[in-house]
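Single-structure report; data block below.
Values below: all heavy atoms of this structure, side chains included; hydrogens, waters and symmetry mates excluded. In what follows, chains are A, B, ... by sequence order, proteins preceding strands, each numbered from 1.
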Protein chains: 2
Amino acid sequence: MAQAEADRFERISAPPAYQLVAEAIEREIVSGRIPPDTPIGTEADLAKQFGVNRSTVREGIRCLEQSGLIRREPSRRLVASVPRHAKLATRVSRALILHQVSFRELYEAIDMLERNAIELAVTHRTGDDLDALSDNLARTRAALDDPERMADLDTEFHTLIARASGNRVLQLAREPVSLLIYPATQPIFEQVPEAADRLLAAHEKLFDALSGRNMDAARLWMRRHVADFGKGFRRTGRSLEDPVDRVPLDSVFQTRGEL
Amino acid sequence: MAQAEADRFERISAPPAYQLVAEAIEREIVSGRIPPDTPIGTEADLAKQFGVNRSTVREGIRCLEQSGLIRREPSRRLVASVPRHAKLATRVSRALILHQVSFRELYEAIDMLERNAIELAVTHRTGDDLDALSDNLARTRAALDDPERMADLDTEFHTLIARASGNRVLQLAREPVSLLIYPATQPIFEQVPEAADRLLAAHEKLFDALSGRNMDAARLWMRRHVADFGKGFRRTGRSLEDPVDRVPLDSVFQTRGEL
DNA sequence: CACGTCGGTTTGTCCGACAACCCGATCTTA
DNA sequence: TAAGATCGGGTTGTCGGACAAACCGACGTG
C-alpha cells in the first residue's frame, strides 16, 4: 500500500496511428487551412502521404466522418465539411438520455431557451421569418384534431422562432432539448381536449407580438405558453422527476439535413 | 431546366456493412439493453456474430468509440459507455467555430445561461456547492495579478454555479460556450486594470446571494457581472460582430502526439 | 447532341499475417 | 509461503495484398 512517489510520472502512452492520422487532418480543417468543401485526397493518397496502410487511414477517416469534419460526396470523394446541427443535436440528446436527465431539467431548459428566443426574435425577426411562421400557423389551424401533426407543427413553430432569433448558439442549444421533449407532446394533445386550441391561440399571439415587435406581449405569451405545456404534461399523469423517454432517435448516420 | 417529375423517387441507397454493425450496437446501447460498463465482445467475436470481417467491425467500432457510446478500458477491452460531457462540449465548440458564430451570439447565450444558472442555483445549491465556491474565491483573491489564473478561476466559478443549479441540461449547454469564451477573457484582465477587482467583488456578492438564498441579489449581481464582461470585452478593442476565435481546442482524442 | 460502350479509379470488404501488449497461470526463489 | 520472475494464450494495432462493385471520364456512333 505504501505507494511512494505516486503520480510522479505521466501515464506513458503512444497514440495509435489511426488517431494521429485523424488528428492531423482534424487540425488542418479546424484551423481553417483546409476550408470547407475542399476535396481531401483519396484513401490510397493519404496512406501514401502518412506512410501508413490504407486500413489505418480508413479508421482515422471514419472518426472524422463521424464527427462531421469530413463528408463523402455522392461521388464518394472525401471533402472537408462543417458539422451539421442535426447530427450534433442527436448526439447531445442521446447523451442526455443516457444520463437519465429528468423532465424537470428539460422543462427548466425549455423555459429558459424559449423565453430568450422570443426576446431576441422580437428585435431580429425578418419578413421571411414572419412568412414562415404564418405558413406554420395556417397548417396548424388545419390540424387541430390530429395530435401527431400538432406535435410536429409545434416543434416547427418553435424552431422557426429560434431561427428568427438570429442566434445560432441558441438554435444549437435548443435542438437537443426539442428532440427530447417532442415525444412527450403528442400525448398531451391526445389527453387534454383544450390543448390544441390553447396552443394555437398562444402561437397566434406570439406571431402578432413578433409582427408588431411588441416585447411585452411576446414575453407574456411565451411564458404562458411554456407554463401551459408544463400543466399539460402533468395532466398526462407523468411526474417531472421521471427520467426522459428513451426516444428512438435517428441514428447519427443520416447525412441529409439543412443548416 | 424542365426538370419533370423530380423527387419522385427516394435516393436509393444500401448502407455499407460497417454502418449496419455500428447502428446495431448503437441501438442496443441507447435502448438500454446493454447497460453502461458492460463489456462488449472482442473484435473477432463481433466479426463472427455479424458475419463480417474484423476490419469491417473495427470501422464500425471506431464510429461508436468516437461518439462516446463505446470506450476502451485500460485493458483495451470494449465496454459500453455514457458519452462524457467534455467530449460533447468540444465537438459543439468546434462546430460553432466552423460556423463562424459571432461574439454577439456567444454573449447573448452567456447572458441567458448564466442568469438562469444563478436563479436555479439559489434554490438548489447545497452546502458542498458553497464550499467549492468558497474555495474558488480564496484562490481568486490570491491570483488577482495573474491574468491566466484569473481566467481559469472565473471559468471554474461559473462552472461551479452551473453545477449548483442541479440542472444537467443547463450544464451541458453551458460548456461549449464557456470553452469558446475562455480565450477572450484573459486579455481583459491584461488590458483592463480594474477587471480583476470587479470580478472578485461580483463573485463574492454572488456567493453571498447564494449562501443567503437571496434571489434578487443573485439576479442583480449576475446581470452586472455579465454586463461587465461585455464592457471589458469591448475595451480590448474587439467587436461583438467578429467571429469567435479559432481556439486550439483539445482534440476529441485526449492524447497528444506527433505524426 | 443524345446515347451506349469501355477502361481506369476508388471504395467497401475480405483474407491472412505478425509484433506488441495484456492478463492470468505457473514457476523460482528468498 | 509469499514476493517476484517467467511464460503462453488471447487481443489489438497494423500491415500487405486482393477483388467486386460503383463511379468517372473519354470515346465512338447514330
Side-chain angles (χ1 to χ4, degrees), chain A residues 1-4 9-25 37-66 70-81 251 253 255, chain B residues 1-5 9-25 37-66 69-81 251-259:
Chain A
M1 308 286 181
Q3 185 155 355
F9 296 108
E10 298 244 334
R11 168 169 176 72
I12 189 167
S13 65
Y18 74 90
Q19 277 191 17
L20 297 176
V21 169
E23 287 175 35
I25 302 177
D37 299 326
T38 308
I40 316 288
T42 71
E43 296 177 358
D45 223 9
L46 294 170
K48 189 159 293 175
Q49 285 187 51
F50 286 113
V52 299
N53 192 276
R54 187 163 76 97
S55 313
T56 306
V57 169
R58 278 171 123 308
E59 290 192 30
I61 284 179
R62 282 283 112 78
C63 296
L64 298 176
E65 225 171 321
Q66 190 63 13
I70 278 186
R71 167 173 39 95
R72 292 215 184 257
E73 299 266 86
S75 66
R76 294 186 176 173
R77 257 191 285 274
L78 293 167
V79 299
S81 171
S251 156
F253 296 101
T255 44
Chain B
M1 297 301 153
Q3 186 155 355
E5 314 298 347
F9 296 108
E10 297 250 330
R11 170 171 175 71
I12 190 167
S13 66
Y18 74 91
Q19 278 191 17
L20 296 176
V21 168
E23 287 175 34
I25 301 178
D37 298 327
T38 307
I40 316 289
T42 71
E43 296 177 356
D45 238 6
L46 294 170
K48 189 158 294 175
Q49 285 187 50
F50 285 111
V52 299
N53 191 275
R54 188 162 75 99
S55 315
T56 307
V57 169
R58 280 172 72 75
E59 290 192 30
I61 284 179
R62 283 282 109 79
C63 297
L64 297 176
E65 226 172 321
Q66 191 63 10
L69 289 174
I70 278 186
R71 166 172 40 95
R72 302 198 97 104
E73 300 267 86
S75 66
R76 294 185 178 172
R77 257 189 280 278
L78 294 167
V79 299
S81 169
S251 158
V252 263
F253 318 96
Q254 45 272 51
T255 56
R256 284 185 309 142
E258 265 75 39
L259 180 74

Inset, instruction - Using salt bridge (charged side-chain N to carboxylate O under 4.0 Å, His left out) as the criterion, list what pairs up with B/D45, not counting sequence neighbours. - result: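 Here no residue qualifies.
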Legend entry - Taking every non-hydrogen atom, the tightest pair across B/A80 and B/R71: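 Residues B/A80 and B/R71, closest heavy atoms: O-NH2, 3.6 Å.
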d([atom1], [X]; [atom2], [N]) in whole Å:
{"X": "A/K48", "N": "C/dT9", "atom1": "NZ", "atom2": "C1'", "answer": "13 Å"}
{"X": "A/I61", "N": "D/dT14", "atom1": "CD1", "atom2": "C1'", "answer": "16 Å"}
{"X": "B/I40", "N": "D/dT11", "atom1": "CD1", "atom2": "C1'", "answer": "16 Å"}

Inset, instruction - Sugar-phosphate means primed atoms, P, OP1 and OP2; the rest is base. With that split, encode nucleotides 10-17 of chain C 5' to 3' as B, S or - using protein heavy atoms under 4.0 Å. - result: SBBBSB-B
Beyond-backbone contact of [X] with [Y], side-chain heavy atoms, under 4.5 angstrom:
{"X": "A/Q66", "Y": "B/R62", "value": "no"}
{"X": "A/V21", "Y": "A/L46", "value": "no"}
{"X": "A/V79", "Y": "A/P39", "value": "yes"}

